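Each remark here refers to the structure printed beneath this line.
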Amino acid sequence: ISRLEKGLPLQDPPKQSDPQPAPESEPPSSKWQPHFTEWDSRAHSHQQSQKSEEHASPKTGDSSSSHQGSPKWQPNADPSQGRLWIRQAEADWAAACVLLAQASTDASISCHVCFFSYEAVSKAVRGGLMAMCGLRERGGVQENLTHQAMALEAEVLQLRGCIVQSVEVLVNYEASTRFPQPGQEAPAHFFNVDHARVAEKHACSVLRAVKDAILK
């Protein structure tokens, strides 16, 4: 009655509870999300594969102390196959010498002298590596000839400083002696007797050094 006399309602209105924040809605999934997940998985697998290869690869220390005497045949070496490659290198060099004798009267043959000189060095270096430690591959691709020459020099003390410079000259003749290059004459007209003499000299130097070191 007292509430009515005071003009108040019979009952207090119910207390309103504090408004609850609306739940955050999850952002819509990107259409690229499956691709991101796949790429992350592939990247992780690639990293694991690289770590496994690095762990499996033999650690090479200072080779200068391990090759002071006669060459030590590595477990993955193939001396017999290496010798076959070196013998074929000798045949390529012999062909270069025959052609060089003819190039004095027919300069168009000079490109063939350069090419066979390159072939002789390529086979001699690869044969030397086969005989000493085997050919290395990275990612299924053989290392280039200059790197192989560096590896062979590092492997055999007797070859230090003997072959890399000549190889660096002759690698330029792998394709340029066979195929016309942009902006220059055909190989038969571009190379001359001087090119041929220099190429044959480098080939002879490398082949002799490898034979003396490997074919003992």
Side-chain angles (χ1 to χ4, degrees), residues 46-97 113-178 195-216:
H46 180 66
Q47 290 176 348
Q48 292 298 111
S49 175
Q50 284 187 324
K51 290 181 180 178
S52 299
E53 291 178 2
E54 291 174 0
H55 180 73
S57 300
K59 302 293 184 180
T60 56
D62 182 10
S63 60
S64 60
S65 60
S66 60
H67 299 287
Q68 294 292 336
S70 58
K72 296 175 65 176
W73 304 116
Q74 303 292 331
N76 55 344
D78 190 345
S80 60
Q81 186 69 14
R83 289 188 176 93
L84 291 179
W85 277 68
I86 295 173
R87 296 303 184 196
Q88 184 59 41
E90 289 183 297
D92 288 342
W93 173 68
C97 293
V113 178
C114 296
F115 174 68
F116 276 107
S117 297
Y118 163 79
E119 283 293 307
V121 167
S122 174
K123 293 181 178 70
V125 170
R126 290 185 170 94
L129 278 177
M130 285 183 189
M132 292 302 301
C133 58
L135 284 175
R136 294 181 296 176
E137 292 188 357
R138 292 184 179 180
V141 179
Q142 286 187 359
E143 293 179 322
N144 65 43
L145 185 59
T146 301
H147 290 168
Q148 289 178 340
M150 292 177 179
L152 186 56
E153 279 197 0
E155 196 70 29
V156 184
L157 181 62
Q158 186 177 339
L159 291 177
R160 300 286 170 84
C162 294
I163 62 176
V164 171
Q165 289 185 344
S166 292
V167 168
E168 288 177 337
V169 172
L170 292 174
V171 291
N172 297 312
Y173 295 156
E174 177 183 11
S176 62
T177 55
R178 294 178 292 160
H195 292 127
R197 289 179 180 139
V198 170
E200 186 275 329
K201 182 179 179 180
H202 283 296
C204 178
S205 175
V206 172
L207 183 58
R208 182 177 300 166
V210 172
K211 284 177 56 181
D212 289 345
I214 307 299
L215 301 183
K216 294 184 177 180

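Counting from 1, the numbers follow the sequence of the chain as shown. Everything numeric here is computed off the predicted structure, so don't read it as measured data. Heavy-atom basis, side chains included; hydrogens, waters and symmetry copies ignored.
- A distance of 10.0 Å separates CD in Gln148 from CD1 in Ile163, rounded to the nearest 0.5 Å.
- Among residues two or more places apart in sequence or in another chain, the side-chain hydrogen bond (donor to acceptor under 3.5 Å, both in side chains) test is passed with Glu153 by none.
- The side chain to side chain contact (heavy atoms under 4.5 Å, CB included) search around Ala95 returns Phe116, not counting sequence neighbours.
- Between His195 atom NE2 and Cys114 atom SG the span is 7.0 Å, to the nearest 0.5 Å.
- Atom OG1 of residue Thr146 and atom CD of residue Gln165 lie 11.5 Å apart, to the nearest 0.5 angstrom.
- Ser166 and His202 make their closest contact through OG-ND1, 2.8 Å (heavy atoms, listed as atom of the first residue, atom of the second, distance).
- Ala89 approaches Ala120 most closely through the heavy-atom pair CB-O, 3.2 Å.
- Looking at Arg126 and Leu145, their side chains come closer than 4.5 Å, going by heavy atoms from C-beta outward.
- Closest approach of Val125 to Ala149, counting heavy atoms only: CG1-N, 3.7 Å.
- By the 4.5 Å heavy-atom criterion applied to side chains, Met132 and Leu129 are not counted as neighbours.
- With contacts defined as side-chain heavy-atom distances shorter than 4.5 Å, the pair Lys123/Ile86 does not qualify.
- Looking only at side-chain heavy atoms (C-beta outward), Ser117 and Leu170 come within less than 4.5 Å of each other.
- For the pair Tyr173 and Phe115, the tightest heavy-atom approach, listed with the atom from each and the gap, is O-CD1, 4.3 Å.
- Every residue meeting the side-chain hydrogen bond (donor to acceptor under 3.5 Å, both in side chains) condition with Trp93, not counting sequence neighbours, appears here in chain and number order: Glu200.
- Contacts of Glu168 classified as side-chain hydrogen bond (donor to acceptor under 3.5 Å, both in side chains), with partners at least two apart in sequence or in another chain: none.
- A 6.0 Å sphere centred on CZ of Arg178 holds more than 12 heavy atoms belonging to other residues, nucleotides or ligands.
- Annotation for Ala77 and Ala131: closest pair CB-O, 3.4 Å, computed over non-hydrogen atoms.
- In terms of the side-chain hydrogen bond (donor to acceptor under 3.5 Å, both in side chains) criterion, Thr177 has no residue partners (sequence neighbours excluded).
- A heavy-atom distance below 4.5 Å is found between the side chains of Val210 and Leu152.
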Inset, instruction - Tell me, with the steps shown, if Leu157 and Arg160 meet side chain to side chain contact (heavy atoms under 4.5 Å, CB included). - result: CA-CA 6 Å; Leu157 181 62; Arg160 300 286 170 84; 3.7 Å; yes
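- Under the salt bridge (Lys or Arg N to Asp or Glu O under 4.0 Å) criterion, Arg87 pairs with Glu90, sequence neighbours left out.
- Proximity of Leu84 to Gln88: side-chain heavy atoms (C-beta onward) are nowhere separated by under 4.5 Å.
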